[in-house]
Amino acid sequence: MKKENIDGFFKSEADKYAFILLHTDARNRMELLGVTEDMYYNKSSATRWRNNIKRALENGDCDHAAEAMEKLNEFYKNMIED
């Protein structure tokens, strides 16, 4: 699954992020969300990444935003744990 193949499929960025967070496997999720290895070693990089997605979920009109936000926060917590 390639990111450029799904960008025009969703009605909003929030819907796209919700789908990725809730319905893709770990490998595809990382690729589609733009996760890099650096984010596991650089907390500020991981925080910027999380905040961009969080902002899209908060500002979008998505029925599954709260559930996606929970998943995003779990994913972020795993990234920054020592």
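The structure presented is a predicted model; accordingly, all values stated were derived computationally and were not measured.
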Pair Y17-S12, side chain to side chain donor-acceptor pair (under 3.5 Å): steps then yes or no:
CA-CA 9 Å; Y17 284 134; S12 72; over 6 Å; no
Please walk me through it: do L21 and M69 pass side-chain contact (heavy atoms from CB on, under 4.5 Å)?
CA-CA 9 Å; L21 286 161; M69 190 75 76; over 6 Å; no
Could you tell me the separation between the [atom1] atom of [X] and the [atom2] atom of [Y], rounded to the nearest 0.5 Å?
X	Y	atom1	atom2	answer
K71	I53	NZ	CD1	14.0 Å
L72	R50	CG	CZ	7.0 Å
H23	N28	NE2	CG	14.0 Å
S45	I80	OG	CD1	12.0 Å

Return yes when atom OH of Y40 has more than 12 non-hydrogen atoms of other residues, nucleotides or ligands closer than 6.0 Å, and no otherwise. yes
- Message: Other residues, nucleotides and ligands only: do more than 12 of their heavy atoms fall within 6.0 Å of CG on D25?
- Response: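 Yes, the 6.0 Å shell around CG holds more than 12 heavy atoms from other groups.
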Note to self: Please evaluate residues R55 and N52 with respect to the criterion side chain to side chain donor-acceptor pair (under 3.5 Å), reporting the C-alpha separation (whole Å), side-chain torsions for both, the decisive distance (0.1 Å), and the verdict.
What the structure shows: CA-CA 5 Å; R55 193 172 11 262; N52 285 334; 2.8 Å; yes
Which pair of non-hydrogen atoms, one from [X] and one from [Y], has the smallest distance, and what is that distance?
X	Y	result
H64	L22	CB-CD1, 3.9 Å
A65	L57	CB-O, 3.8 Å
M39	G34	CE-O, 3.4 Å
R29	I20	NE-O, 3.7 Å
V35	M79	CG1-CE, 3.8 Å
G60	A14	CA-CB, 3.8 Å

Do T36 and D38 have a side chain donor and acceptor closer than 3.5 Å?
no
*Once the angle between the rings of F19 and F10 is folded into 0 to 90°, is it parallel (under 30°), tilted (30 to 60°) or perpendicular (over 60°)?*
tilted
Test item: E70 and N73 side chains (from C-beta on) under 4.5 Å apart, heavy atoms: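 A side-chain contact under 4.5 Å is absent here.
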Looking at L33, is its backbone amide N or carbonyl O close enough to the side chain of W49 to form a donor-acceptor pair, meaning the two atoms are under 3.5 Å apart? yes
Quiz item: Between the main-chain N or O of K11 and the side-chain N or O of D15, is there a donor-acceptor pair closer than 3.5 Å?
Solution: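 Between the backbone of K11 and the side chain of D15 there is no qualifying donor-acceptor contact (under 3.5 Å).
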Worked verdict on M30 versus F75 for side-chain contact (heavy atoms from CB on, under 4.5 Å)
CA-CA 10 Å; M30 289 177 66; F75 195 32; 3.7 Å; yes
